[in-house]
Engineer: 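The structure is given below, and queries will be raised subsequently.
Computed from a predicted model, the values in this text were never measured in an experiment. Throughout, a chain's letter reflects where its sequence line sits, starting with A, and its residues are numbered from 1.
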Amino acid sequence: MAKQIPIDNNIKTLRFLTGEMTQQELAEQLGVTRQTVAAIEQRKYSPSLEVAFKISKIFGKSLNEIFTYEES
Amino acid sequence: MLKDLTFSEKSAFIHITALSLLLIFTLATIWPFFSGFEESILVVKPLWVALVIFILIEIIGHSVVAARNNKEANADSDERERLIVLKSNYYSSHLLGFCLIGYLLISMIFQIPFLSIYFVFIIFVVAEIVNYASQLILFRRGV
């Protein structure tokens, strides 16, 4: 039933590598809910550019290193 | 299963329950009309009883859910939640508009001698159920 967006990401890995950051901690830094972070990680929601740039800034990586577009 | 739901999902669930009860009450009120007792529609049963029950379910349900999830209940909605609400409103408003205009057209074309408040009310309630059901689906399935 769950719909997957074509944009994959490695946020879960990056969280783990950044001091085992929790979804809640990342959500607070982004100004979104924990459910939204979970939805992004599970490819159920495509974040806005603003949130994507915030994620990139938090992990110190470029957008290309975090998000990849998978053509079906 | 209910423990897995977020505050917004529980809220949508309460709305659907309350609206479904309101719909059942309204359908039960107008049912005699379809059974051939046309005069019974003239006896306007008090919809306010159903409305009071509806409001009570909404208040009690949301109070209980908010008390158990006070952090989530006080938080502002984020971009994903706003998008879900926007999409759900889009679906329900189309249904509402389509059904109301359709009902008005059928009434005019077939010279139906009444424009019952009940029918308009039912269309409105169904549109709201669709709205909250869409929210629940989009929260679970993804948007």
Engineer: Taking everything shown except B:Phe121 itself, do over 12 heavy atoms lie less than 6.0 Å from its CZ?
Structural biologist: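 Yes, CZ of B:Phe121 has more than 12 neighbouring heavy atoms, counting only those of other groups under 6.0 Å.
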
Engineer: Answer yes or no: is there a side-chain heavy-atom contact under 4.5 Å between B:Val143 and A:Lys44?
Structural biologist: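 Heavy-atom side-chain distance check fails, nothing below 4.5 Å.
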
Engineer: Do B:Leu86 and B:Tyr132 sit in one hydrophobic cluster, given that two such residues count as connected whenever their side-chain heavy atoms are within less than 4.5 Å of each other, even indirectly?
Structural biologist: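 Looking at the clustering, B:Tyr132 is in a separate group from B:Leu86.
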
Engineer: In terms of hydrophobic clustering (I, L, V, M, F, W, Y; side-chain heavy atoms under 4.5 Å; direct or indirect links), are A:Leu63 and A:Leu14 co-clustered?
Structural biologist: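 Yes, A:Leu63 connects to A:Leu14 through the hydrophobic network.
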
Engineer: I need the B:Lys71 NZ to A:Arg34 CZ distance, nearest 0.5 Å.
Structural biologist: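 Result: 10.5 Å between the selected atoms.
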
Engineer: Rounded at 0.5 Å granularity, tell me how far CD in B:Glu81 sits from OG1 in A:Thr33.
Structural biologist: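 So the gap between those two atoms works out to 5.0 Å.
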
Engineer: If you round to the nearest 0.5 Å, how far is CG of B:Asp78 from OH of A:Tyr45?
Structural biologist: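 Answer rounded to 0.5 Å: 7.0 Å.
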
Engineer: For A:Ser48 and B:Glu79, which heavy atoms make the closest approach, and how far apart are they?
Structural biologist: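 Taking A:Ser48 first and B:Glu79 second, the nearest heavy atoms are OG-OE1, 2.6 Å.
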
Engineer: Is there a path from B:Ile59 to B:Phe54 through hydrophobic residues (I, L, V, M, F, W, Y) whose side chains come within less than 4.5 Å of each other?
Structural biologist: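 In one cluster: yes.
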
Engineer: Do B:Val125 and B:Leu95 sit in one hydrophobic cluster, given that two such residues count as connected whenever their side-chain heavy atoms are within less than 4.5 Å of each other, even indirectly?
Structural biologist: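 Yes, B:Val125 connects to B:Leu95 through the hydrophobic network.
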
Engineer: When you compare the side chains of A:Gln35 and B:Thr6, does any donor N or O come within less than 3.5 Å of an acceptor on the partner?
Structural biologist: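 No, no side-chain donor-acceptor pair sits under 3.5 Å.
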
Engineer: Has A:Gln24 got more than 12 heavy atoms of other residues, nucleotides or ligands less than 6.0 Å from its CD?
Structural biologist: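 It does: A:Gln24 CD has more than 12 such atoms within range.
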
Engineer: Look at A:Ile40, A:Val32, A:Val51 and state which one has the largest set of heavy-atom pairs under 4.5 Å with chain B.
Structural biologist: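 Of the candidates given, the most pairs with chain B belong to A:Val32.
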
